[in-house]
Number of protein chains: 2
Amino acid sequence: MKLTSKGRYAVMALTDLTLYYKNGPVSLRDISLRQNISLLYLEQIFLKLRKYKIVESIRGKKGGYRLSRKASDIRLSEILSAVDENVKTVRCIKHLKKGCNGKSIKCNTHKLWDELDGHINSFFEKKLLSDLAHKNDLEKRL
Amino acid sequence: MKLTSKGRYAVMALTDLTLYYKNGPVSLRDISLRQNISLLYLEQIFLKLRKYKIVESIRGKKGGYRLSRKASDIRLSEILSAVDENVKTVRCIKHLKKGCNGKSIKCNTHKLWDELDGHINSFFEKKLLSDLAHKNDLEKRL
DNA sequence: TATATTCCCGACTTATTTAGTCAACTATAA
DNA sequence: TTATAGTTGACTAAATAAGTCGGGAATATA
C-alpha cells in the first residue's frame, strides 16, 4: 500500500499555494520552482483540482490559481479524491465475477477492507488544508 | 492508495488455512481451488509467510502448511509485512536528494504522511487473524 | 523401491499503473 | 501585439505488480 506522488504533489502544491497567496494568484511556474515538481505535471494536477472546485484559475499574464474556499474549508479527502487517489483499497467487483457473492468464505475478508477504507478515509476527512499551512513555517524561511 | 492483491491473497489464504485446518496440514492446492488463487502465486506468497515464521511447512505427500502459532497470536500487520506490503506511504529519502531536509516547506507535508502511516499500521496491529476466521462462517456453507 | 504429491526457489514474462512529456490552443495584462 | 499563463488530449517511458515456468527436494504410501 502506498500513496502515489500525484496525491502527495497535490497536497504539497496546495499547501504552497495557501502559504504564498497574498494579493494576486499564484502561478504554477512559481510552485513548480519552489516545490521542485514538473510544471507540466502540475498542470495536469491542477486541472483536476479546478474541476473539483478546489481552486479557481485566472488566465493570462499575472494569472495563476487561488483557492476557491478558505483553507480551513478544504478537507484533504477532497484533494485526494480530486486527483484520483481514491482511498478505496479493494473493490469486490472483480471477485464477484469469480463467485464472490458476499456469503462465501472468499468474502470473509471483505469486511476487513471496508473497515480499513473507513479508517483511512476518516483520517483524511478530519484533516484540513489549513492544518498543514502555518504562516510561521513560511516566515522562518525568509 | 491501494492494497495490492498480494497482501489480500495472503490474508484470504491464511483465513482459509485457519478455518480448514483440522488434523493434517492444508495443501496450497486446496486453498488454491477454494479461494480461486493461482497455485503458483500462492507458492510465492507462502514462501514468504514461512520465512517470517507465520506458517510451517510439511513436505511430501499429504504435506501442506499449518499456522506456526494460534490465529489469535498472529497480527495482520505481520502478514502484510511478510509479503512486502509495507504500509509505508512515503519515504522522504527520495526528496532529500532534491533538497528536502525536514526544515523547508517541501517537508511541510511529511508529518502528515508519518501520521498516516501510524494510523494505518495501528489498524493492522490491532487486527488478529482470529478476528477473520469464524468457525460458524464455515459451517454455514457445509 | 517406485511413484505421486507437495513444498522449494530463482528466473522469467506480461500486464497495469504511475509519472512525466509534448504540441497546439485560448485568454489576458501590459 | 506580445509575453505570460492556463487548457486539453494524446502520447511515451519507467516502475511496479501480477502471474508463470521449469526444475528440484522431501516424504507418505503402495
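Residue numbering restarts at 1 for every chain, and letters A, B, ... go by the order of the sequence lines. Computed from a predicted model, the values in this text were never measured in an experiment.
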If only atom types and distance count, is the side chain of B:S68 paired as donor or acceptor with the main-chain N or O of B:I54 below 3.5 Å? yes
A:Y41 side chain near C:dT18 phosphate (N/O to OP1/OP2, under 4.0 Å): no
Protein-nucleotide distance (A:L42, atom CG; C:dA19, atom C1'), rounded to Å: 13 Å
Reckon A:Y9 has a side-chain N or O less than 4.0 Å from the OP1 or OP2 of C:dG20? yes
Non-hydrogen atoms of B:H119 and A:S122 that approach each other most closely: NE2-OG, 4.4 Å
Below the 4.0 Å mark, does D:dA5 have OP1 or OP2 next to a side-chain nitrogen or oxygen of A:S57? no
Rounded distance in Å - NZ (A:K48) to P (C:dA19): 11 Å
Distance, rounded to the nearest Å, where B:L39 contributes CG and C:dC8 contributes P: 12 Å
Nearest whole angstrom, please: distance from the P of D:dA26 to the CD of B:E56. 18 Å
Just checking B:R29: does its CZ atom have more than 12 heavy atoms from other residues, nucleotides or ligands closer to it than 6.0 angstrom? no
Checking all strands, does A:Y65 fall into the base, sugar-phosphate, or nothing category for heavy-atom contacts under 4.0 angstrom? sugar-phosphate
OP1 or OP2 of D:dG19 under 4.0 Å from side-chain N/O of B:S38: no
Measure from the side-chain heavy atoms of B:K6 and tell me the nearest of D:dT8, D:dG6, D:dA18. D:dA18
Starting at CZ of A:R66 and ending at P of D:dG6, how long is that distance when rounded to a whole Å? 13 Å
Between the axis at one end of the helix from C:dT1-D:dA30 to C:dA30-D:dT1 and the axis at the other (five pairs apiece), what's the angle to 10 degrees? 10°
Between B:T18 and B:L14 the two heavy atoms that sit nearest each other are OG1-O, 2.6 Å
Check: C:dT18 base within 3.5 Å donor-acceptor of A:Q44 side chain: no
With nearest nucleotide decided by heavy atoms, which residue, A:R59 or B:K51, maps closer to the 5′ end of DNA chain C? B:K51
Closest to the 5' end of DNA chain D, once A:G64 and B:K61 are matched to their nearest nucleotides, is A:G64
Starting at CD1 of A:I31, measure out to CG of A:N36 and round the result to the nearest 0.5 Å. 13.5 Å
Remember a base hit wins even if backbone is also touched, and classify B:G63 as base, sugar-phosphate or nothing at under 4.0 Å, heavy atoms. sugar-phosphate
What's the shortest heavy-atom distance between A:G7 and A:V83, and which atoms? CA-CG2, 3.9 Å
Integer-rounded Å distance: D:dT7 P and A:L47 CG: 7 Å
Which heavy atom of B:S32 sits nearest a heavy atom of B:S38, and at what distance? OG-C, 4.2 Å
Establish, with yes or no, whether the OP1 or OP2 oxygen of D:dG6 is under 4.0 angstrom from a side-chain nitrogen or oxygen of A:R50. no
Name the residue closer to the 5' end of DNA chain C, choosing between B:I58 and A:G60 according to the nucleotide with the nearest heavy atom. B:I58
Between D:dT20 (P) and B:I45 (CD1): distance, integer Å: 12 Å
Using 30° and 60° as the class limits, which term best fits the ring planes of B:Y9 and B:Y41: parallel, tilted or perpendicular? perpendicular
How do A:K62 and B:K62 order along DNA chain D: which one's closest nucleotide is nearer the 5' end? A:K62
Under 3.5 Å, is there any donor-acceptor pair linking the side chain of B:E43 to the base of C:dT6? no
Considering only side-chain heavy atoms of B:L40, which listed nucleotide, C:dG20, D:dT20, C:dT28, is closest? D:dT20
Between C:dA19 atom P and A:I37 atom CD1, what is the distance in whole Å? 12 Å
